[in-house]
Protein chains: 2
Amino acid sequence: MNIGEASKLSGLPAKTIRYYEDTGLIAPPARAENGYRDYSDTDVHKLRFVRHSRGLGFSVDECSQLLSLYEDKGRQSGDVKAIAQKHLTEIEEKIRELQELRSTLDHLVNTCHGDGRPDCPILEGIADPASI
Amino acid sequence: MNIGEASKLSGLPAKTIRYYEDTGLIAPPARAENGYRDYSDTDVHKLRFVRHSRGLGFSVDECSQLLSLYEDKGRQSGDVKAIAQKHLTEIEEKIRELQELRSTLDHLVNTCHGDGRPDCPILEGIADPASI
DNA sequence: CTTGCCCTTCCAGCAACTGGAAGCTTATAT
DNA sequence: ATATAAGCTTCCAGTTGCTGGAAGGGCAAG
């Protein structure tokens with residue numbers, strides 16, 4: 001099938017599929033006689049795999065590793081788990097950071113009248129965070 | 001003072017300060033006779049303001065708006081609050097997304113033995129999310 | 001036969017820096 | 001005085017993960 005069809009079935013934009021091919025994340029597919037990329041069902045399956053792992057927030061590099069492991073029937077699940085665990089830890093860290101930001105911002109937003117007057121605790125809080 | 005000193009006092013890398021100048025976030029400082037950038041205390045104050053607002057996760061563009069408002073003594077606090085509120089909402093949305101990812105990943109990681117055997121619920125979950 | 005859509009490649013740009021090269025000036029050490 | 005090191009200048013390239021657009025070829029329908 002052409003890239004348009006593979007795009008529909010995988011849920012990835014055609015642009016993105018070509019990009020993944022360029023950067024080596026996915027192997028180049030077969031080519032039809034007219035030069036068009038020709039995707040198999042297996043190719044589409046892998047594209048979907050990549051879309052899902054990207055959707056879980058894995059970096060393209062991590063997706064590449066996960067895809068290799070997926071294709072390696074002699075894999076060790078410990079290797080997969082290590083990647084996922086590391087990613088999970090990073091996500092948890094990110095959540096903590098964002099919650100801190102939310103807390104600070106929420107406080108600032110709530111103390112600002114937000115009207116036509118110029119005095120603004122938000123700006124003061126940014127200028128001098130120690131004052132919060 | 002030279003950029004190195006301004007960097008120390010503001011907490012921003014010299015590279016970043018030059019970058020902010022290039023992109024118009026901060027006004028170009030005075031220049032000494034030797035061509036070196038020459039920062040005033042006021043300049044440093046603004047650099048700190050930018051560092052803090054970046055630290056709160058505002059985009060450079062939003063920082064630019066906030067800095068303008070900070071310098072505008074006739075500002076309306078409602079304008080500031082609108083920017084901060086929008087950002088807060090985005091952060092809350094981001095937190096929700098990450099919590100979803102965390103939930104899914106946590107489940108996957110916990111169901112994987114993570115040993116030398118090849119069967120791996122993480123890979124299966126990525127390949128077929130409907131199965132989770 | 002032309003219109004329109006799909007495909008191809010390549011180049012540029014987004015955010016927000018960061019690193020490095022090449023070439024000044026200034027400060028320090030001998 | 002001189003050699004070296006540190007700090008400054010500019011400019012260009014790379015990072016991540018795409019996305020948009022230009023220029024051109026393929027192919028089916030009207």
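Quick note on labels: first sequence line is chain A, next is B, and so on, each numbered from 1. Owing to the predicted nature of the structure, the values given are computational and were not obtained by experimental measurement.
Other residues, nucleotides and ligands place no more than 12 heavy atoms under 6.0 Å from the CD atom of A:E100. The 12-atom threshold is exceeded at CD of B:E97, counting heavy atoms of other residues, nucleotides or ligands nearer than 6.0 Å. The environment of CG in B:D22 is crowded: more than 12 heavy-atom neighbours from other residues, nucleotides or ligands sit within 6.0 Å.
Nucleic acid contact class of A:R37 (heavy atoms, under 4.0 Å, all strands): sugar-phosphate only. If you check every strand for non-hydrogen atoms under 4.0 Å, B:S59 touches sugar and phosphate atoms only.
Atom CD in A:E21 sits about 12 Å away from atom C1' in C:dT9, given to the nearest Å. Taking atom CG of A:D61 as the reference point, atom C1' of D:dT15 lies 13 Å away to the nearest angstrom. Across the protein-nucleic acid pair, B:D38 atom CG and D:dG7 atom P stand 18 Å apart, rounded to whole Å. The distance from atom CZ of A:R18 to atom C1' of D:dA22 is 14 Å, rounded to the nearest whole Å. The distance from atom CE of B:M1 to atom C1' of D:dC8 is 16 Å, rounded to the nearest whole Å. Here the C1' atom of nucleotide D:dC8 and the OH atom of B:Y39 are 11 Å apart, to the nearest Å. Residue B:Y20 contributes atom OH, which lies 8 Å from atom P of C:dA16 at whole-angstrom precision. Atom-to-atom, CG of A:D22 to C1' of D:dT16 comes out at 15 Å; the value is rounded to the nearest Å.
At the phosphate of D:dC27, OP1 or OP2 sits under 4.0 Å from a side-chain N or O atom of A:N34. A close approach under 4.0 Å does occur between a side-chain nitrogen or oxygen of B:T16 and OP1 or OP2 of C:dT18.
Side-chain to base pairing of A:Y36 with D:dG25: one donor and one acceptor N or O lie within less than 3.5 Å of each other.
Candidate nucleotides D:dC18, C:dA16, D:dT19 were compared by shortest atom distance to the side chain of B:Y19, and C:dA16 ranks first. Distances were taken from every side-chain heavy atom of A:R54 (C-beta onward) to each of D:dC18, C:dT25, D:dG26; the shortest belongs to D:dC18. In the set D:dC8, C:dC17, C:dC7, the nucleotide with an atom closest to the side chain of B:N2 is D:dC8.
Among all heavy-atom pairs drawn from A:L12 and A:L47, the shortest one is CD1-O, 3.5 Å. Nearest heavy atoms, B:I91 versus A:R102: CG2-CB, 4.1 Å.
Using a 4.0 Å cutoff on non-hydrogen atoms, no part of residues 24-33 of chain A comes near DNA chain D.
The closest donor-acceptor contact from the side chain of A:R51 to the backbone of A:S10 lies under 3.5 Å.
Comparing B:K15 and B:E5 by the nucleotide of DNA chain D whose heavy atom lies nearest to each, the residue mapping closer to the 5' end is B:E5.
Using modelled atom types, one finds no donor on one side chain facing an acceptor on the other under 3.5 Å when comparing B:D128 with A:H52.
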